[in-house]
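A short worksheet on the structure shown next.
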Amino acid sequence: MLVKTEELRKYFKIGRGQRLHAVDGVSIEIEQNEILGLVGESGSGKSTFGKTLIGLHARTSGEAFYNGQRLPAKFSSEDHLHYSQELQMIFQDPYSSLNPRMTVLDIVGEGLQIQGKHTRTQIRELVAQWLTKVGLNSDHMSRYPHEFSGGQRQRIGIARAMIIEPRFVVCDEPISALDVSVQAQVINLLDDLKKSMGLTLLFIAHDLSMVRYVSDRMAVMYLGTVVETGPADDVFFEPQHPYTQLLIESNPEPDPKSERARSHVPIKGEITSPVNVQPGCRFADRCPKVMEHCHNTSPPVVSTSSSHTVACHLFA
Ligand code: SF4
């Protein structure tokens with residue numbers, strides 16, 4: 001196993017003694033060369049989990065391991081330098097994640113420059129190679145981010161992360177800001193890179209069909225906790241947790257014709273506030289199968305097969 005977390009928590013202080021429980025006890029494992037898809041509505045804590053896992057946020061409590069080593073709860077600048085050679089992130093928004101005042105050469109080559117192992121000429125050559133690998137060309141090196149489309153900017157972001165040759169990459173909603181026609185190209189690019197570089201990925205997204213398509217396994221997050229994990233096809237076609245079932249029922253069909261013919265079952269209400277979280281199951285206020293004890297007792301995580309887990313009293 002390459003990556004593991006145990007009861008990882010990330011709380012943010014928001015004044016008057018209140019804390020926002022963004023991530024609240026997430027335990028996951030990711031095998032080498034595996035893609036784990038992480039899904040859930042906005043506000044479920046997916047991105048915060050990804051950032052905390054690779055040290056962009058300090059952990060409040062719990063553990064995170066990479067390649068058998070315990071990662072520090074709070075990364076020092078030396079830790080960032082050390083682990084950035086192995087752990088990288090591709091950000092959601094290709095518009096705001098690239099510095100508009102830097103050329104593509106400086107953006108993509110920045111990680112190598114920080115490492116200090118390459119000459120300027122070598123960096124230039126590697127940037128040219130990586131721009132070609134991600135479907136751009138070396139002429140683009142002297143241009144600025146505003147000269148590119150959203151899809152091209154995301155390719156620049158991918159080249160920036162991959163040029164370091166990391167082993168583990170958190171892809172934080174890498175396609176959600178892109179046109180549908182460009183999404184498949186970026187997904188195929190990530191898949192090719194995963195195969196050619198032996199990468200391990202945490203793929204965060206809210207489009208369940210896309211996550212099923214790219215992922216080996218899937219984890220479903222609700223209000224800071226993981227409520228279901230399993231092989232991607234099992235979770236998508238035979239969801240067990242009431243939240244996963246509703247999430248899949250409300251997921252739009254990729255084919256517009258089938259989508260129009262389909263009756264949607266929206267999930268009742270909105271995701272509850274992660275401030276001063278109440279005891280019991282976090283989905284209780286919205287769950288169509290809620291039982292009395294769901295409101296006061298947290299559901300245990302139950303294995304429903306050798307590879308599938310669910311946190312729900314219906315299975316306890
Ligand atoms: Fe619904 Fe209860 Fe299961 Fe929570 S524990 S998902 S409220 S049935």
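When reading the values below, keep in mind they use all heavy atoms of this one structure, side chains included, and skip hydrogens, waters and symmetry mates. For ligands, and for the atoms within them, numbers begin at 1 and follow the listed sequence.
- Atoms of ligand 1 found under 4.0 Å from any heavy atom of H241 (numbered from 1 in listed order, with element): 6 (S).
- Ring centroids of Y66 and F168 are separated by 6.0 Å or more, keeping the two rings apart.
- C281 lies close to atom 4 (Fe) of ligand 1, since one of its N, O or S atoms is found at a distance under 2.8 Å.
- Listed by number with element, the atoms of ligand 1 under 4.0 Å from a non-hydrogen atom of L314 are 8 (S).
- Within the 4.5 Å cutoff, no side-chain heavy atoms of N188 are placed close to those of Q185.
- Using a 30° and 60° split on the angle between ring planes, H293 and H313 fall in the tilted class, from 30° to 60°.
- Cation-pi geometry between R212 and F236 is satisfied (NZ or CZ under 6.0 Å from the ring centre, within 45° of the ring normal).
- Contact annotation: C312 places no N, O or S atom under 2.8 Å from atom 1 (Fe) of ligand 1.
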- Task: Starting from the C-alpha separation in whole Å, work towards a yes-or-no answer on salt bridge (charged side-chain N to carboxylate O under 4.0 Å, His left out) for R160 and E110.
- Result: CA-CA 8 Å; R160 174 178 60 180; E110 190 178 23; 5.4 Å; no

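- Nearest to atom 5 (S) of ligand 1 among the protein's heavy atoms is H313 N, 3.3 Å.
- For ligand 1, the atoms sitting less than 4.0 Å from at least one non-hydrogen atom of P242 are 6 (S), numbered in the order shown with element in parentheses.
- Listed by atom number, the atoms of ligand 1 under 4.0 Å from C287 heavy atoms are 1 (Fe), 6 (S), 7 (S), 8 (S).
- Between F12 and H57, the closest side-chain pair of non-hydrogen atoms falls below 4.5 Å.
- In terms of protein heavy-atom proximity, atom 8 (S) of ligand 1 is nearest to K289 O, 3.5 Å.
- Taking atom 2 (Fe) of ligand 1 as the reference point, the nearest protein heavy-atom neighbour is C294 SG, 2.3 Å.
- Aromatic pair Y222/H241: centroids not less than 6.0 angstrom apart.
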